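None of these values were measured; they are calculated from a predicted model.
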Amino acid sequence: MAEPIDVVRQFCDAWGSPDDIDAALNLLSDDCYYHNIPLDPVEGLEAIRATVLAFTAGVDRVEFETLHIAAAGNVVLTERVDSFIFPDKRIDLPVSGTFEVDDDGKITHWRDYFDLNQFM
């Protein structure tokens, strides 16, 4: 079994072009719960895919820079800067994330906390 902290590191490192988010989303369970706080939560892989694609519309590239990461059992906490690179601008968004990883090495819960006004 993969260590939960390694699964989350792989997830954060997998981001790139919004046209190819499968590398990251393949690390989520089919019934994953995603709450991108302060937005409404979504559940299930296809709902998460739709949410991520909507959130990254017009973005050339997404980068997750992990500043700090810690794990206790199956729970992993991250402090990150998520960068959204558009053709004409870049938005660097401080994010704190909480992930829960099951025994199969899949992320079952993903919660990110950030300031929506900073993204807007």
(message) Applying a strict under-4.5 Å side-chain criterion to I, L, V, M, F, W and Y, I'd like to know whether L25 and F55 cluster together.
(response) yes
(message) Under 4.5 Å between side-chain heavy atoms, counting indirect links through other Ile/Leu/Val/Met/Phe/Trp/Tyr residues: same cluster for I37 and V42 or not?
(response) no
(request) Say whether V52 and I85 are linked into one hydrophobic cluster, either directly or through other cluster members, by side-chain heavy-atom distances under 4.5 angstrom. (result) no
(message) Whether the side chain of N26 engages the backbone of D22 through a donor-acceptor N/O pair (distance < 3.5 Å, no angle test) should be reported.
(response) yes
(message) Would you compute the distance between atom CD of E79 and atom CG of L67 and round it to the nearest 0.5 angstrom?
(response) 5.0 Å
(message) Through direct or indirect side-chain contacts below 4.5 angstrom among Ile, Leu, Val, Met, Phe, Trp and Tyr, which residues connect to L77?
(response) V75
(request) Hey, could you give me each pair passing salt bridge (Lys or Arg N to Asp or Glu O under 4.0 Å) that has a residue in residues 31-41? Not counting sequence neighbours. (result) none
(message) Taking E63 first and then R90, would you say they form a salt bridge - that is, a charged N and a carboxylate O separated by under 4.0 Å?
(response) yes
(message) Which label fits F11 and F64: parallel for a plane angle under 30°, tilted from 30 to 60°, or perpendicular past 60°?
(response) perpendicular
(request) Using the rule that two of Ile, Leu, Val, Met, Phe, Trp, Tyr join whenever any of their side-chain heavy atoms come within less than 4.5 Å, decide whether F86 and V81 are in one cluster. (result) no
(request) Identify the two heavy atoms, one from I69 and one from T66, that lie closest to each other, and give their separation to 0.1 Å. (result) CB-CG2, 4.0 Å
(request) Might you point out which heavy atoms bring P87 and G58 nearest each other, and give the distance in Å? (result) CD-O, 3.5 Å
(request) Determine the minimum heavy-atom distance between F114 and P38, stating which atoms define it. (result) O-CD, 3.7 Å
(request) Enter the distance from E43:CD to H35:NE2 here, rounded to the nearest 0.5 Å. (result) 12.0 Å
(message) Pairing donors with acceptors under 3.5 angstrom, does anything connect the side chains of W15 and D13?
(response) no
(message) Just verifying a value: how many Å separate E100 CD and Y33 OH, rounded to the nearest 0.5 Å?
(response) 10.5 Å
(message) If we ignore hydrogens and angles and just use 3.5 Å, is the side chain of T56 paired with the main-chain N or O of V59 as donor and acceptor?
(response) no
(request) Could you pull out the closest heavy-atom pair between L45 and S29, with the gap in Å? (result) CB-O, 4.3 Å
(request) Establish whether Y113 and Y34 are linked, either directly or via other cluster members, by ILVMFWY side-chain heavy-atom contacts under 4.5 Å. (result) no
(message) Check this for me: does any side-chain nitrogen of one of R80 and D82 sit under 4.0 Å from a carboxylate oxygen of the other?
(response) yes
(message) Would you compute the distance between atom CH2 of W110 and atom CZ of F99 and round it to the nearest 0.5 angstrom?
(response) 6.5 Å
(request) Indicate the atoms forming the closest heavy-atom contact of P4 with N74, along with that distance. (result) CG-CA, 3.8 Å
(request) Can you sort out the partners of E46 under salt bridge (charged side-chain N to carboxylate O under 4.0 Å, His left out), two or more places apart, ordered by chain and number? (result) R49
(message) Rounded to the nearest 0.5 Å, what separates atom SG in C32 from atom CD1 in I107?
(response) 7.0 Å
(request) Check the side chains of T108 and D102 for a donor-acceptor pair under 3.5 angstrom, ignoring hydrogens and angles. (result) no
